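What follows is a short report on a single structure.
Bear in mind that the values here come from a model prediction, so they are computed numbers and not experimental data.
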Amino acid sequence: MGAVFKRELKSYFVTPIGYVFLAAFYAYAGLMFYVTGISEGKVRMDLLFSSLVIVLVVIVPILTMRTMAEERRSKTDQCLLTSPVSIGGIVAGKFLAAFTVYLAAISITVIMALISCIYVSPDWKVVLGNFIGLALIGAAYISIGIFCSSCTESQSVAAVFGFGVLMCTTFVSSIASQLPFEFLTKLADKVSFAERYYTFTYGIFDISNVLFFISASFVFLFLTVRVVEKRRYS
């Protein structure tokens, strides 16, 4: 797994993908940091964190689109599948590499919190809770993106597929609210990534939400392993 992790992490900066992802996130986060407070001489870190979900839905599929699809397209997946590393180790290595790049991106929010000290002393417990929430939803998003990438050999298809799935899982409560079935709305609120994440931005650290995102990550990584295993023995 360690070899896969190092290989994947290096690949993000050999190709433009890592730089594009980091630049897009930094640019959007910087803009929202300015809009949600700095421009008026105040800071609302909760508004900053809640606004980041939208950009993640768009750019995480870019980060993950090549993880499995490129291996399949270039036929290098056969070399990986016949290596001493287990399929689970391969998937975990790719996940950890993408997650490391993701953590490098969201770390900018800590710097922004430090900058906000110029205007007001932030509640660091709330900032930490928000950061953990951002890391958790990112882990779930990356797992979904890797799963989508494992279903095709086209990076473009993987990105579009991932974007569609993330849109549905994130905003399912908003979609369900338009339907005349109250029970569907309540169910959608329970599985909506956005609703689960926004709880962190309100300053509420709910362990059930932590377990929800961890479970979602494991489920989609498990599904990825199953997809790869099926292709291996087909």
Side-chain angles (χ1 to χ4, degrees), residues 8 12 15-18 20-25 27-29 32 49-74 77 91 94-95 97-99 101-102 105-106 133-181 184-200 209 212-231:
E8 287 297 308
Y12 280 115
T15 62
I17 292 177
V20 170
F21 176 80
L22 292 173
F25 186 86
Y28 183 85
M32 295 311 299
F49 279 101
S50 62
S51 67
L52 295 178
V53 171
I54 297 175
V55 71
L56 292 179
V57 169
V58 176
I59 65 175
V60 166
I62 297 174
L63 180 68
T64 60
M65 65 183 183
R66 63 169 297 280
T67 49
M68 305 300 294
E70 178 60 19
E71 301 279 8
R72 188 173 175 182
R73 186 195 66 79
S74 61
D77 59 333
V91 173
K94 288 177 176 291
F95 167 80
F99 190 59
V101 177
Y102 176 80
I106 66 174
L134 196 61
L136 288 169
I137 194 172
Y141 280 175
I142 290 169
S143 300
I144 292 173
I146 292 176
F147 167 72
C148 294
S149 182
S150 70
C151 296
T152 177
E153 63 180 32
S154 169
Q155 294 187 41
S156 300
V157 172
V160 173
F161 184 25
F163 173 73
V165 175
L166 291 185
M167 282 289 292
C168 291
T169 56
T170 302
F171 303 112
V172 63
S173 60
S174 299
I175 298 171
S177 66
Q178 305 302 314
L179 302 176
F181 304 107
L184 283 179
T185 302
K186 292 181 178 179
L187 177 62
D189 287 341
K190 296 292 185 182
V191 298
S192 170
F193 281 31
E195 294 300 321
R196 295 275 186 173
Y197 171 69
Y198 289 147
T199 302
F200 288 98
N209 293 329
F212 173 82
F213 286 122
I214 292 176
S215 298
S217 300
F218 274 105
V219 166
F220 280 98
L221 289 177
F222 172 77
L223 291 175
T224 302
V225 171
R226 297 296 308 206
V227 169
V228 176
E229 281 182 342
K230 183 178 180 181
R231 189 164 68 248

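For Phe220, the ring-ring contact (aromatic ring centres under 6.0 Å, His included) criterion is met by Phe147, not counting sequence neighbours. With sequence neighbours excluded, no residue satisfies ring-ring contact (aromatic ring centres under 6.0 Å, His included) with Tyr102. Val172 pairs by the side-chain contact (heavy atoms from CB on, under 4.5 Å) definition with Ala188, Val191, Ser192, not counting sequence neighbours.
Legend: salt bridge (charged side-chain N to carboxylate O under 4.0 Å, His left out) pairs involving residues 57-68, not counting sequence neighbours, sorted by first then second residue: Glu8-Arg66. Annotation: salt bridge (charged side-chain N to carboxylate O under 4.0 Å, His left out) contacts involving residues 158-171, sequence neighbours excluded, are absent.
Between the CD1 atom of Ile146 and the CG atom of Leu223 there is a distance of 12.5 Å, given to the nearest 0.5 Å. For the atom pair OG of Ser51 and CE of Met32, the computed distance is 4.0 Å after rounding to the nearest 0.5 Å. Note that CD1 of Ile142 is 7.5 Å distant from OG1 of Thr64, once rounded to the nearest 0.5 Å.
Counting heavy atoms from C-beta outward, Leu56 and Leu134 have side chains that approach closer than 4.5 Å. Leu136 is not listed as a side-chain neighbour of Tyr197, based on a closest heavy-atom distance of 4.5 Å or more.
In terms of heavy-atom proximity, Leu22 sits nearest to Val101 at CD2-O, 3.7 Å. In terms of heavy atoms, Ala135 sits closest to Phe99 at O-CE1, 3.4 Å. Of all heavy-atom pairs spanning Ile62 and Met65, the tightest one is O-CG, 3.4 Å. The minimum heavy-atom distance linking Lys190 with Phe212 is given by the pair O-CE1, 3.9 Å. Nearest heavy atom pair, residue Ile59 against residue Ala24, reads CG2-CB, 4.0 Å. Nearest heavy atom pair, residue Ala69 against residue Ala158, reads CB-CB, 4.5 Å.
Here the side chain of Ser150 pairs no donor or acceptor atom with the backbone of Met68 at under 3.5 angstrom. A donor-acceptor pair under 3.5 Å links the side-chain atoms of Ser217 to the main chain of Phe213, judged by distance alone. In this structure, Thr152 contributes its side chain and Cys148 its backbone to no donor-acceptor pair below 3.5 Å. Without hydrogens or angle criteria, Tyr12 side chain to Leu63 main chain gives a donor-acceptor distance under 3.5 Å.
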Just list the side-chain donor-acceptor pairs under 3.5 Å for residues 159-171, sequence neighbours left out, or say none.
residue	atom	partner	partner atom	Å
Thr169	OG1	Val165	O	3.1
Thr169	OG1	Leu166	O	3.2
Thr170	OG1	Tyr141	OH	2.6
Thr170	OG1	Leu166	O	2.7

